[in-house]
Amino acid sequence: MRRAMASAEVGDNVIDVDPTVRELEERAAAVLGMPAALWTPSGTMANLIALSVHLKRGDRFLAPKNAHVLNNELGSAAWLAGGMPEALEHDGGPGRPKPETVAAATGARGGPYYTLRTTLLCLENTHNAAGGAVIPPHEHAQLLSTARQAGLQVHLDGARVWHAAVALGLPPAALTVGVDSVSACFSKGLGAPAGSVVAGSREFVERARRMRQMLGGGMRQIGVLAAACLVALDRVPDLAEEHDKARRLADGLRELGWSADTPETNIVLAPVADISVTLESLQAQGVLALPMAGKVRFVLHRDVSAADVDEALRRIKAGGHP
């Protein structure tokens with residue numbers, strides 16, 4: 001990846017003449033099943049751009065509870081995109097609502113002028129705070145159908161859509177059918193140091209480019225980073241190994257008395273009595289984790305080997321956890 005970055009052919013991406021960025025955008029759009037894509041420095045910016053394009057100030061948007069656009073983007077959906085967020089319960093499965101929940105939250109169309117106008121549904125596949133939970137295609141289709149019947153546009157936060165695709169044995173485009181926009185990240189288990197895309201129609205991407213510039217995301221010879229993202233795209237099949245290591249870790253934790261969830265992808269969530277105490281104790285053993293949705297969150301990636309997983313379990317056992 002560093003060799004690819006060092007030898008990347010570059011140009012000025014602000015005026016859209018960086019050939020490596022162009023190659024990445026075209027390839028990412030094709031993989032995601034969208035007409036066009038736009039490189040962004042981060043997934044948070046990609047999501048903010050999409051919401052800013054889709055929403056008018058004061059519009060309400062729906063998203064599953066603990067979605068990244070609700071909990072991990074510092075309120076930018078409301079502060080900068082001007083949207084009024086509404087969190088939906090995960091009553092359809094981990095990380096997703098039932099279609100009827102979406103319909104009920106949207107409410108009747110054409111109400112009095114002083115009522116909130118709901119215009120957008122944001123989905124997240126995989127859902128980070130639900131432990132990398134996957135939305136299967138048939139449930140995605142049901143949610144999309146309900147959103148369309150309610151007159152909603154749909155944005156998919158697909159930061160980890162690669163993980164969902166590998167877990168299901170499907171191409172990523174099978175998980176984006178019908179959406180108006182999708183974001184996807186090249187650092188989530190793929191190793192790129194930075195970079196995401198936001199994809200949609202050509203008209204959407206034209207508007208998104210202006211919003212990216214407004215947010216400070218217009219950059220010059222950024223083909224250096226796009227080259228890393230192209231290498232990352234080649235690594236998507238490798239994610240199956242990260243999923244295997246996550247299951248290895250979860251199985252080992254349960255053998256040690258933890259009630260770790262069985263992961264669908266590369267994230268392991270484990271409930272504990274006291275998160276702060278547990279994280280401090282783990283750190284003392286040289287095992288690093290983070291809090292997420294009231295649980296301890298372990299993430300597997302290409303730089304953590306199966307032997308590292310076994311060593312982490314050995315240290316956790318030695319430390320007397322949980």
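When a residue number appears, it is its place in the shown sequence, counting from 1.
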Test side chain to side chain donor-acceptor pair (under 3.5 Å) applied to S281 and Q285, step by step: CA-CA 7 Å; S281 183; Q285 297 295 320; 5.6 Å; no

Donor-acceptor pair between R297 and N128 side chains, under 3.5 angstrom: yes

Criterion side-chain contact (heavy atoms from CB on, under 4.5 Å) on L300 and R248, from CA distance to verdict: CA-CA 10 Å; L300 283 299; R248 185 188 190 104; over 6 Å; no

Side chains of N47 and T44, donor plus acceptor under 3.5 Å: no

CG on L230 to CZ on F186, rounded to 0.5 Å: 7.5 Å

Student check: side-chain heavy atoms of V198 and V53 closer than 4.5 Å: no

Flag side-chain contact, heavy atom, 4.5 Å: D261 against K295: yes

Exercise: do S276 and E280 side chains pair donor with acceptor under 3.5 Å: no

Heavy atoms of other groups near L170 CG, more than 12 under 6.0 Å: yes

Plane angle bin for H127 and H90 - parallel if under 30°, tilted between 30 and 60°, otherwise perpendicular: perpendicular

Rounded distance (nearest 0.5 Å) linking atom OG1 of T40 with atom CE of M219: 10.5 Å

Lys/Arg-Asp/Glu bridge criterion (N-O < 4.0 Å) met for K245, E242: yes

P263 side chain near R247 side chain, heavy-atom distance below 4.5 Å: yes

Heavy atoms of other groups near Q283 CD, more than 12 under 6.0 Å: no

Plane angle bin for F204 and H54 - parallel if under 30°, tilted between 30 and 60°, otherwise perpendicular: parallel

Within 6.0 angstrom of E9 CD, more than 12 heavy atoms from elsewhere: no

